[in-house]
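Throughout, numbering of the chain's residues begins at 1 and tracks the sequence. Treat the numbers as computed from the prediction; the structure is a model and nothing was measured.
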Amino acid sequence: MSDTAVLDAIHERWSPAIYSPQTVEPEKVIRILEAARWAPSSYNAQPWSFVVARKEEPEEFARMLSCLVPNNAVWAQHAPVLILSVARLHFDHNGKPNRHALHDTGIATGFMMLEATELGLLAHGMAGFDAEKARELYGIPETHEPVAVIALGYVGDEAGAPEELIKRNQRRPRRTLDQFVFAGQWGRKLPLL
């Protein structure tokens with residue numbers, strides 16, 4: 001439970017490892033992607049792109065799944081949607097490097113995750129994937145960087161799931177504010193806390 005009140009979707013969001021086979025309704029997928037559209041970004045560059053693979057398109061889903069490391073593929077294969085996030089590394093307006101591209105793509109992904117939670121779905125972001133394989137399979141240009149793969153769906157039933165997955169499916173504790181919020185100098189606790 002949160003020590004301080006936050007939006008319900010923030011508190012309720014977590015990253016499950018057991019998903020229901022229930023299909024995610026297309027209109028919900030679109031709403032989740034629309035949430036990313038409204039994320040803030042440096043110079044309003046909106047450097048994010050997303051490649052979506054749904055179980056209803058088995059070849060596309062298998063292609064995305066093949067990019068995951070084995071420890072992620074073992075559970076993510078049961079999620080009904082996989083989404084690859086990609087960041088454009090330079091600004092369109094001047095061609096200069098955008099050192100905030102990954103940050104901004106992360107914000108857009110966070111917006112997607114919160115919208116998913118609001119819709120009764122949950123998303124699990126994964127760093128464990130082969131970015132170069134994704135680049136090759138999807139024709140991602142060198143001007144862009146594959147960032148993460150996100151599993152999306154309804155939470156599944158733990159009954160009958162392997163013990164290892166049940167352990168991964170638990171909510172993990174959060175650090176307290178005084179562990180990462182500082183003032184005046186690195187490591188000095190914010191007096192408001």
Minimum-distance pair of heavy atoms, taken over all atoms of [X] and [Y]:
| X | Y | value |
| --- | --- | --- |
| Arg172 | Arg168 | NH2-O, 4.2 Å |
| Pro146 | Ala131 | CG-O, 3.6 Å |
| Pro80 | Gln22 | CG-O, 3.4 Å |
| His144 | Ile140 | CB-CG2, 3.7 Å |
| Pro16 | Val155 | CG-CG2, 4.3 Å |
| Ala87 | Ala101 | CB-O, 3.9 Å |

Is there a path from [X] to [Y] through hydrophobic residues (I, L, V, M, F, W, Y) whose side chains come within less than 4.5 Å of each other?
| X | Y | result |
| --- | --- | --- |
| Leu122 | Leu119 | no |
| Val6 | Leu114 | yes |
| Ile107 | Val147 | no |
| Val149 | Val86 | yes |
| Tyr19 | Val81 | no |

Working to the nearest 0.5 angstrom, can you tell me the gap between [X] [atom1] and [Y] [atom2]?
| X | Y | atom1 | atom2 | answer |
| --- | --- | --- | --- | --- |
| Leu152 | Arg54 | CG | CZ | 11.0 Å |
| Leu82 | Gln77 | CG | CD | 10.0 Å |
| Gln179 | Arg174 | CD | CZ | 11.5 Å |
| Lys28 | Leu33 | NZ | CG | 14.5 Å |
| Leu177 | Thr4 | CG | OG1 | 6.0 Å |
| Leu65 | Lys55 | CG | NZ | 8.5 Å |

Flag side-chain contact, heavy atom, 4.5 Å: [X] against [Y]:
| X | Y | result |
| --- | --- | --- |
| Trp48 | Arg88 | no |
| Ile18 | Trp75 | no |
| Asp104 | Ser42 | yes |
| Phe111 | Pro40 | yes |
| Leu121 | Ile32 | yes |
| Arg135 | Glu145 | yes |
| Ser85 | Thr105 | yes |
| Tyr138 | Met64 | yes |

With a 3.5 Å distance limit and no angle check, can you tell me whether [X] reaches the backbone of [Y] through a side-chain donor-acceptor pair?
| X | Y | answer |
| --- | --- | --- |
| Asn169 | Ala17 | yes |
| Ser20 | Gly156 | no |
| Glu57 | Ala53 | no |

Next item on the list: Report the C-alpha distance between Glu60 and Arg63 in whole Å, list the side-chain angles of each, state the deciding distance to 0.1 Å, and finish with yes or no for salt bridge (charged side-chain N to carboxylate O under 4.0 Å, His left out).
Entry: CA-CA 5 Å; Glu60 286 302 313; Arg63 183 160 61 141; 2.8 Å; yes
Next item on the list: Under the side-chain contact (heavy atoms from CB on, under 4.5 Å) rule, what do Met112 and Phe50 come out as? Steps first, then yes or no, please.
Entry: CA-CA 11 Å; Met112 288 171 52; Phe50 299 97; 3.4 Å; yes
Item checked: Derivation and outcome, salt bridge (charged side-chain N to carboxylate O under 4.0 Å, His left out), residues Arg31 and Glu34 -> CA-CA 5 Å; Arg31 273 189 60 179; Glu34 179 71 12; over 6 Å; no
Within the supplied structure, the quantity of interest is the number of heavy atoms (other residues, nucleotides, ligands) at a distance under 6.0 Å from [X] [atom1]; does it exceed 12?
| X | atom1 | answer |
| --- | --- | --- |
| Glu158 | CD | yes |
| Glu164 | CD | no |
| Glu27 | CD | yes |

Check: Any side-chain donor-acceptor pair under 3.5 Å between Ser15 and Arg13?
Finding: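 Judged by distance alone, the side chains do pair up.
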Item checked: Partner of Met126 under side chain to side chain contact (heavy atoms under 4.5 Å, CB included), chosen from Leu84, Leu68, Ile150 ->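 Single pass found, and it is Leu68.
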Next item on the list: Could you tell me whether Phe91 and Tyr43 have their ring centroids closer than 6.0 angstrom?
Entry: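 Aromatic pair counts; centres sit under 6.0 Å.
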